[in-house]
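Being a predicted model, the structure only gives us computed values, none of them experimental. The chains referred to below are lettered A, B, ... by the order of the sequence lines, with proteins before strands, and numbering in each begins at 1.
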Number of protein chains: 2
Amino acid sequence: MLEMRMSQGVEWAAHCCLLLDWLDEGRPVPTGKLAAAFEVAPAYLNKQLQALVRADILVSTAGVRGGFELARPLNKITLMDIVAAIEGPEDAFECTEIRKRGPGSSTPERILRMPCQVTTAMRKAELQWRRALAATTLADIGHNVVRHVPKIAENMQRWYASV
Amino acid sequence: MLEMRMSQGVEWAAHCCLLLDWLDEGRPVPTGKLAAAFEVAPAYLNKQLQALVRADILVSTAGVRGGFELARPLNKITLMDIVAAIEGPEDAFECTEIRKRGPGSSTPERILRMPCQVTTAMRKAELQWRRALAATTLADIGHNVVRHVPKIAENMQRWYASV
DNA sequence: GTCGAATTACTCGGATATATAATGTCCGAGTCGGGCAGG
DNA sequence: CCTGCCCGACTCGGACATTATATATCCGAGTAATTCGAC
């Protein structure tokens, strides 16, 4: 059996953004600290954070006290933004137009111009997915977390001060 | 940039099912003919069709006049069935529970039992996707095609008789 | 004591390896159809 | 001529390569803080 899987980077990115919000440092937070917070490979996390910078979700600062900061508040960052930043803007279903191959190649050119109906249906489904992702901000998710763990920000700040 | 992509097999599978319906043979259609219809690698297509058999979308017949037939009419086959058969039933977003690692491990066990809010949001979005896929049958798609190319079945039957 | 420049340690960024999954190929087991012999 | 058995060719099915992608790592370029010296 095969498996359509999303990159781990999406999960890492979302949690990192939430953590950056909770820490609420005035200064950049370096990759090493974020990696330590989730016990993941620092250099690989760095790569994902670079993608978030390119998507204007984070801003990076070089130098001795450098690191990453949120480029805008969490209520301006949607899950769609995160997914698009890490996975790219392409659709999951890629149409290779096999309908045009073989005997299909002899159908009138006027008709071949019309979109593939299989692809159209797939696109509609993916659109629903993207709609839901775009409708959810990281602020929404953070709010749900705080509802269950009110002291999450305080806990994370205390931990950050100790490392 | 990375890329979350769905297997090509999904596209092949959908088009093969449509073709099987249009051909409307009383007998099984072998892999070779289906592969010729779309100019794809026969052995690899065979692999995808096997998955459809395991999912009870097609039935296979061995032997000299063997091949594949639809296990049920197109209005009983949804895009969700196709995707699940080829890609597997797992969610695209896989939660690795990184919230429990690092400082998160010291939070009360009672809270860690609750689901990850990032994952919950992702699941909701995927559910919308699955809903749309499950709401679309291959009969719907086939109907849309016939609307633009009324003679599609006749064309395919004529081609099939000639190969 | 204050200012400024060189130094140094730290961080991001991209180039480079490795692991894993998707893609593609090949060969064996099974089976149906036809041919052949016998009645 | 009809019937039943045997043979052979064709097809699926899964095991086996190959290629592409995701994962992981490493090192260089650049920067900001710090230190050291001069005024």
Counting just side-chain N and O atoms, does [X] come under 4.0 Å of either OP1 or OP2 of [N]?
| X | N | result |
| --- | --- | --- |
| A/Q50 | C/dG14 | yes |
| B/S60 | D/dT11 | no |
| B/R54 | D/dG14 | yes |

Would you kindly give the [atom1]-to-[atom2] distance between [X] and [N], to the nearest whole Å?
| X | N | atom1 | atom2 | answer |
| --- | --- | --- | --- | --- |
| A/E87 | D/dA22 | CD | C1' | 10 Å |
| B/R27 | D/dC10 | CZ | C1' | 14 Å |
| A/Q48 | C/dC12 | CD | P | 14 Å |
| A/M6 | D/dA22 | CE | C1' | 14 Å |
| A/I86 | D/dT21 | CD1 | C1' | 16 Å |
| A/N46 | D/dC27 | CG | P | 15 Å |
| B/E11 | C/dT23 | CD | P | 11 Å |
| A/E39 | D/dA24 | CD | P | 14 Å |

Give the cluster check for [X] versus [Y]: same hydrophobic cluster or not, with ILVMFWY residues linked at side-chain heavy-atom distances below 4.5 Å.
| X | Y | result |
| --- | --- | --- |
| A/L112 | B/V149 | no |
| B/V118 | B/I111 | yes |
| B/L138 | B/V146 | yes |

With sugar-phosphate meaning primed atoms plus P, OP1 and OP2, does A/G32 contact a base, only sugar-phosphate, or nothing at under 4.0 Å between heavy atoms?
-> nothing
With a 4.0 Å cut-off on heavy atoms, is A/A41 in touch with a base, just the backbone sugar-phosphate, or nothing at all?
-> sugar-phosphate
Between the side chain of B/T120 and the main-chain N/O of B/C116, is any donor-acceptor distance below 3.5 Å?
-> yes
Counting only N and O atoms by type, is there a donor-acceptor contact under 3.5 Å from the side chain of B/T78 to the main-chain atoms of B/D81?
-> yes
Does a side-chain N-to-carboxylate-O contact under 4.0 Å join A/E126 and A/K124?
-> no
Answer yes when B/K76 and B/D56 have at least one side-chain N-carboxylate O distance shorter than 4.0 Å, and no when they do not.
-> no
Find every protein N or O atom lying less than 3.5 Å from an N or O atom of nucleotides 29-36 of chain D, and list the pairs.
none

Proximity to the side chain of A/Y44 - top-ranked nucleotide from C/dC26, C/dC12, D/dA24 | D/dA24
With B for base contact, S for sugar-phosphate-only contact and - for none (protein heavy atoms under 4.0 Å), nucleotides 15-20 of chain D reads BB----
NZ of B/K151: more than 12 outside heavy atoms within 6.0 angstrom?
-> no
Does atom CZ of B/R131 have more than 12 heavy-atom neighbours from other groups under 6.0 Å away?
-> no
